[in-house]
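Below is one structure; the comments refer to it alone.
Chain naming here is simple, since letters A, B, ... match the order of the sequence lines and numbering starts at 1 in each.
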Amino acid sequence: MYCDNLENLCFRRSLIQMNENKGIYRFNEIEKKWQEFWENSKTFKAKDCDKLKPKYYVLDMFPYPSGQGLHVGHPEGYTASDIVARYKRMKGFNVLHPMGWDAFGLPAEQYAIQTGTAPEATTKKNIDNIRRQIKSLGFSYDWDREVNTTSPNYYKWTQWIFLKLFNSFFDKNEQKAKSIEQLPIPEGLSEQEKRKYIDEHRLAYEAEVAVNWCPELGTVLANEEVIGGVSERGGHPVFRKPMRQWMLRITEYAERLIDDLSEVDWADSIKKLQHDWIGKSIGANVDFKVDGCDETIRVFTTRPDTLFGATYMVMAPEHRLVDILTSPDKKEAVQKYREEAVRKSDLDRTDLSKGKTGEFTGAYAINPVNNEKIPIWISDYVLISYGTGAIMAVPAHDDRDYEFATKFDLKIIQVVQPEDEKQSELVKQGKLCFAGDGIAINSGQFDGLRTPEFKEKITAWLNEIGQGNKAINYKLRDWLFSRQRYWGEPFPIIHTEDGQVISLDEKDLPLELPKVEDYKPSGNGEPPLSNVTEWVNITLPDGTKAVRETNTMPQWAGSCWYYLRYLDPDNNEKGWDTEKEKYWMPVDLYIGGAEHAVLHLLYSRFWHKFLYDLGYVTVKEPFKKLVNQGMILGEDGQKMSKSRGNVVNPDKVITDYGADSMRLYEMFMGPLEAIKPWSMHGVDGVHRFLQKLWRLVVEKEAGGLNNNVKDVQADEETLRLLNQTIKKVGDDVESFGFNTAISAMMILVNHLSKLDTVPKKAVEQIVLILAPFAPHIAEELWQTLGHSDTLVYEPWPQYDKELIKEKEIELAIQVNGKIKDKIVVPADTDEKQIKQKALSSEKVVAAMAGKEPKKVIVIKSRLVNIVV
RNA sequence: GCCGAAGUGGCGGAACUGGCAGACGCGCGGGAUUCAAAAUCCCGUCCUGGCAACAGGGUGAGGGUUCGACUCCCUCCUUCGGCACCA
């Protein structure tokens with residue numbers, strides 16, 4: 001821990017010195033000066049459709065403007081992206097680097113409930129604060145493109161995209177979305193049936209979905225607000241309750257969302273995360289007839305080859321056939337089990353999954369392969385939301401079924417023979433479950449087939465007899481797109497008296513969020529907007545009455561497409577202009593936290609593909625390159641949090657050390673993607689580096705250029721080091737190795753400050769390569785060096801390949817892999833000479849102890865290894 | 001349980017494609033400067049033994065491949081993050 005008092009003392013002293021001394025590095029003044037200059041001259045304004053330069057779009061994940069303001073984690077990603085943005089400008093690119101606010105969301109609403117403050121007011125205040133903080137770091141954003149998801153001029157287009165989704169369907173054959181008007185409608189439908197058919201095909205649709213309903217609070221809770229079956233606030237019981245919700249058909253895009261991952265340059269681990277989240281599995285649907293009635297139960301299985309081993313079936317408690325099939329004597333027990341299951345939240349179900357539970361329905365199904373009667377059970381280990389909500393249970397070859405069968409003493413039949421005989425014997429005796437591939441046994445005419453072949457054959461056979469077909473399932477579910485909240489985008493949707501759901505006209509957008517007095521939920525599960533009767537109740541042009549949709553959109557909605565609004569933020573006619581989209585898209589570099597690796601990126605990709613289908617965007621994938629910054633921990637190595645008291649406030653760091661030191665330290669801490677702890681001492685270190693560079697360039701007493709800095713030719717070593725540094729910093733920025741780039745610059749400055757006369761050219765070049773990292777001091781020094789214009793658009797220094805090469809190289813000489821001596825040879829010495837020189841070294845001769853070398857390995861410019 | 005990331009000095013970290021482990025920074029020790037301090041500069045700083053030259057050991061643990069392994073392979077341990085019975 002650093003000492004507050006001591007530091008304040010030092011700071012006051014340096015203030016005193018400032019007044020005496022013109023040559024002091026007054027970072028606060030300098031930073032203010034250049035931030036004002038950049039803002040007033042609109043230095044970072046990006047020019048649309050500039051054909052003279054290649055474009056480069058660097059995007060940050062825009063922040064939620066919380067009341068706490070920035071924490072030091074935010075500027076980490078922003079600094080990295082800013083370095084790349086500034087570097088690319090110097091490399092001659094037309095750079096788009098925007099910033100905005102993802103400002104809808106729960107905290108402002110909760111604050112409104114507690115204090116009555118309008119979310120607009122809270123949000124504005126928070127944005128103003130966080131904007132000030134971001135600006136104080138000197139990032140090179142084009143502020144004319146600032147967006148705010150809560151401004152009607154922005155959410156007009158969020159609503160517009162929703163309308164497009166509502167008015168589109170997915171053509172499965174062509175694997176793309178089309179206007180709902182092109183939907184082929186089966187003949188012979190009544191008007192009402194036709195309407196229903198259309199509604200069932202919209203990409204935005206209504207459905208009854210179970211949500212976390214808390215009667216005490218009179219509201220629906222998000223999963224993270226429910227802990228162990230009770231509400232986080234107050235600890236009231238929470239139930240699963242089906243409610244009408246808006247859904248988006250993201251599952252239609254599952255295949256494309258998987259396929260197009262191959263087009264983007266993201267870390268493999270993130271791609272895998274998305275891939276697994278979508279969770280494609282290939283198998284078969286199989287229909288089981290129910291004994292003694294007309295119903296059939298359809299199951300999905302990835303192992304149709306184990307059908308002969310299916311000894312019972314399990315349906316999810318919520319399955320529609322449970323009521324119909326349950327025999328009278330089992331009704332009571334089954335009903336009780338169902339009620340308990342409904343009361344459990346998803347989390348509870350897993351917590352209680354230590355042991356399996358279930359009830360027998362009293363009904364039997366017929367196994368299509370051998371006509372055996374098998375019992376039908378219900379259990380909550382089968383999920384209603386995946387596959388068909390029912391399974392065939394093969395206890396010999398599925399761990400979950402095995403556990404269940406053992407507990408309830410159900411029949412186990414082995415149908416797959418593993419290679420290992422001992423293993424096979426155990427499976428046969430029912431003492432082991434084997435889930436791998438093997439050879440079919442006890443499977444009638446299919447005996448002897450290997451698992452993959454068997455799967456194909458039996459699927460074909462099921463198809464023939466009309467009791468099954470090949471099927472693909474995804475873990476991915478449709479996107480629950482409505483929230484029972486106030487502070488979100490209103491749906492441009494109207495419910496008519498006769499139960500129709502109609503959409504607003506595009507020209508009637510935006511549908512503005514009405515002002516309300518009370519932000520509390522209505523208490524009956526209806527969203528807060530339902531209290532605003534004068535807004536909700538409307539009269540249609542034909543005189544009939546109707547009500548508005550009172551749900552609002554989730555926070556994801558606004559963040560799904562913000563990167564497009566930056567392209568054309570003030571356009572009132574369109575969300576964005578196509579020419580501009582063609583010029584700027586895709587995003588070349590997207591930097592943000594790994595916590596958004598799945599949901600935000602998946603939702604965003606989904607909307608983008610949808611917009612692509614409709615022709616509003618011209619690239620398939622929005623984000624070409626993605627980099628996730630790691631979390632920054634407190635000085636105690638713990639996650640920063642108010643309660644731990646280890647939160648570092650960026651404002652204080654900037655006041656005490658300056659924005660340049662802050663930026664430099666954030667990058668110097670370690671690799672961008674790593675999790676790393678904060679250290680004030682570390683900030684001190686990079687600050688000293690800037691001080692050192694300052695003293696190198698600026699005359700101590702009078703200010704202005706230091707007398708030591710002269711227009712002289714640099715010596716060979718300086719020249720070599722300078723060129724090496726230019727190369728290294730450039731390469732490192734390209735590969736996001738910012739920490740090593742800074743260390744290279746430190747080495748160069750250490751070298752330069754030892755010289756009696758410092759070549760001006762060298763100083764100019766170090767200032768230029770430092771500029772993306774520490775832009776304020778760089779501008780100031782650039783000016784001191786006699787340049788009148790900003791260095792933002794100065795070309796990035798070039799290095800000379802010849803000058804980089806070392807004249808002499810040091811080689812390590814190993815004997816049997818152990819270093820015994822080092823020799824220095826001219827760089828162009830050939831292998832033979834090196835070998836000779838190595839073998840003649842006294843120490844080497846001693847280490848060889850008179851033995852003959854068996855082998856001599858020479859790695860040019862590295863080492864020599866003598867094997868004896 | 002499954003998936004992913006990572007384990008290197010007192011600390012943050014560096015090491016190209018298998019080629020001198022510990023760059024750079026912090027901290028610490030010593031010195032210079034100063035009336036004194038701050039700041040700055042210089043020297044030292046992986047561990048063990050030795051006054052030293054030097055010798056030996058060392059990248060979570062164990063094994064393997066190789067002339068040579070922080071780096072590749074196998075087994076295990078620990079930490080962090082994510083997921084939750086997906087048939």
Item checked: Donor-acceptor pair, side chain of A/His397 and main chain of A/Phe434, under 3.5 angstrom -> yes
Next item on the list: Using whole Å, report how far NZ of A/Lys700 lies from P of B/A39.
Entry: 15 Å
Note to self: If you assign A/Val686 and A/Asp276 each to the RNA chain B nucleotide with the nearest heavy atom, which residue ends up on the more 5' nucleotide?
What the structure shows: A/Asp276
Next item on the list: Looking at every strand, decide which applies to A/Thr302 at a 4.0 Å heavy-atom threshold: base, sugar-phosphate, or nothing.
Entry: sugar-phosphate
Margin query: According to side-chain hydrogen bond (donor to acceptor under 3.5 Å, both in side chains), does anything in residues 742-755 of chain A pair up with another residue at least two apart or in another chain? List the pairs.
Written below: A/Lys692-A/Asn750, A/Thr718-A/His751
Checklist line | Secondary-structure stems for RNA chain B, with pairs counted as Watson-Crick or G-U when both distances are under 3.5 Å and runs at least 3 long | finding: B:1-7 with B:77-83, B:10-12 with B:24-26, B:27-32 with B:40-45, B:46-49 with B:54-57, B:60-64 with B:72-76
Margin query: Output the rounded distance in Å from CE (A/Met662) to C1' (B/G25).
Written below: 17 Å
Check: Are the ring centres of A/Phe668 and A/Phe689 closer than 6.0 Å?
Finding: no
Margin query: Classify A/Ser281 by what it touches in the nucleic acid, base, sugar-phosphate, or nothing, heavy-atom distance under 4.0 Å.
Written below: sugar-phosphate
Checklist line | Rounded P spacing from B/G82 to B/G27 in Å | finding: 33 Å
Next item on the list: In whole angstrom, give me the gap between the C1' atoms of B/G9 and B/C47.
Entry: 9 Å
Check: In whole angstrom, what separates A/Gln691's CD from B/G25's C1'?
Finding: 16 Å
Note to self: Holding to side chain to side chain contact (heavy atoms under 4.5 Å, CB included), I want the full list of residues that pass it with A/Leu633, two or more places apart in sequence or in another chain.
What the structure shows: A/Met631, A/Ile675, A/Pro677
Next item on the list: Under 4.0 Å between any heavy atoms, over every strand shown, what does A/Lys818 touch: base, sugar-phosphate, or nothing? Just pick one.
Entry: sugar-phosphate
Item checked: Distance, P atom - from B/U65 to B/C74, rounded to whole angstrom -> 15 Å
Notebook entry, point to check: Can you find an N or O donor on one side and an acceptor on the other, under 3.5 Å apart, linking the side chain of A/Lys272 with the base of B/C3?
Noted result: no
Check: In terms of ring plane angle, is the pair A/Phe404 and A/Tyr381 parallel, tilted or perpendicular, where the classes change at 30° and 60°?
Finding: tilted
Next item on the list: Nearest whole angstrom, please: distance from the C1' of B/C85 to the NZ of A/Lys356.
Entry: 5 Å
Margin query: Suppose the criterion is salt bridge (Lys or Arg N to Asp or Glu O under 4.0 Å): which pairs have a residue in residues 670-683 of chain A, not counting sequence neighbours?
Written below: A/Glu76-A/Lys676
Next item on the list: Give a yes or no on this: more than 12 heavy atoms of other residues, nucleotides or ligands lie within 6.0 Å of atom NZ of A/Lys470.
Entry: no
Check: For A/Val598, what residues pass the side chain to side chain contact (heavy atoms under 4.5 Å, CB included) criterion, not counting sequence neighbours?
Finding: A/Leu273, A/Trp277
Check: Going by a 90° cut-off around 0, is B/G9 syn or anti?
Finding: syn
Note to self: For nucleotides 11-24 of chain B, give me one character per nucleotide, 5' to 3': B if any protein heavy atom sits under 4.0 Å from the base, S if the only such contacts are to the sugar-phosphate, - if neither.
What the structure shows: -BSS-B--BBS-BB
Next item on the list: Measure from the ring center of A/Tyr665 to the ring center of A/His687 and say whether it is less than 6.0 Å.
Entry: no
Next item on the list: Would you kindly compare A/Met631 and A/Ile391 by the position of their nearest RNA chain B nucleotide and give the one closer to the 5′ end?
Entry: A/Met631
Check: Does OP1 or OP2 of B/C41 have a side-chain N or O of A/Arg695 closer than 4.0 Å?
Finding: yes
Next item on the list: With C1' as the reference atom in both, quote the distance from B/C80 to B/G31 in angstrom, rounded to an integer.
Entry: 43 Å
Check: Taking the P atom of each, how far is B/C20 from B/C85, in whole Å?
Finding: 49 Å
Notebook entry, point to check: Going by an N to O cut-off under 4.0 Å, is there a salt bridge joining A/Lys272 and A/Asp268?
Noted result: no
Note to self: What is the distance, to the nearest angstrom, from the CG atom on A/Leu476 to the P atom on B/C83?
What the structure shows: 15 Å
Check: How far, in whole Å, is B/C16 from B/A84 if one measures between their C1' atoms?
Finding: 42 Å
Check: Please give, in whole Å, the distance from B/G25 C1' to A/Lys692 NZ?
Finding: 11 Å
Check: Which of parallel (below 30°), tilted (30 to 60°) and perpendicular (above 60°) describes A/Tyr603 and A/Trp556?
Finding: perpendicular
Next item on the list: Round to a whole Å and report the spacing from CD of A/Glu403 to C1' of B/G1.
Entry: 11 Å
Checklist line | Interatomic distance at P, B/G10 relative to B/U59, whole Å | finding: 13 Å
Item checked: Nearest-angstrom distance from the residue atom NZ of A/Lys820 to C1' of B/G68 -> 15 Å
Next item on the list: Can you tell me, in whole Å, how much space there is between the C1' of B/G13 and that of B/A6?
Entry: 14 Å
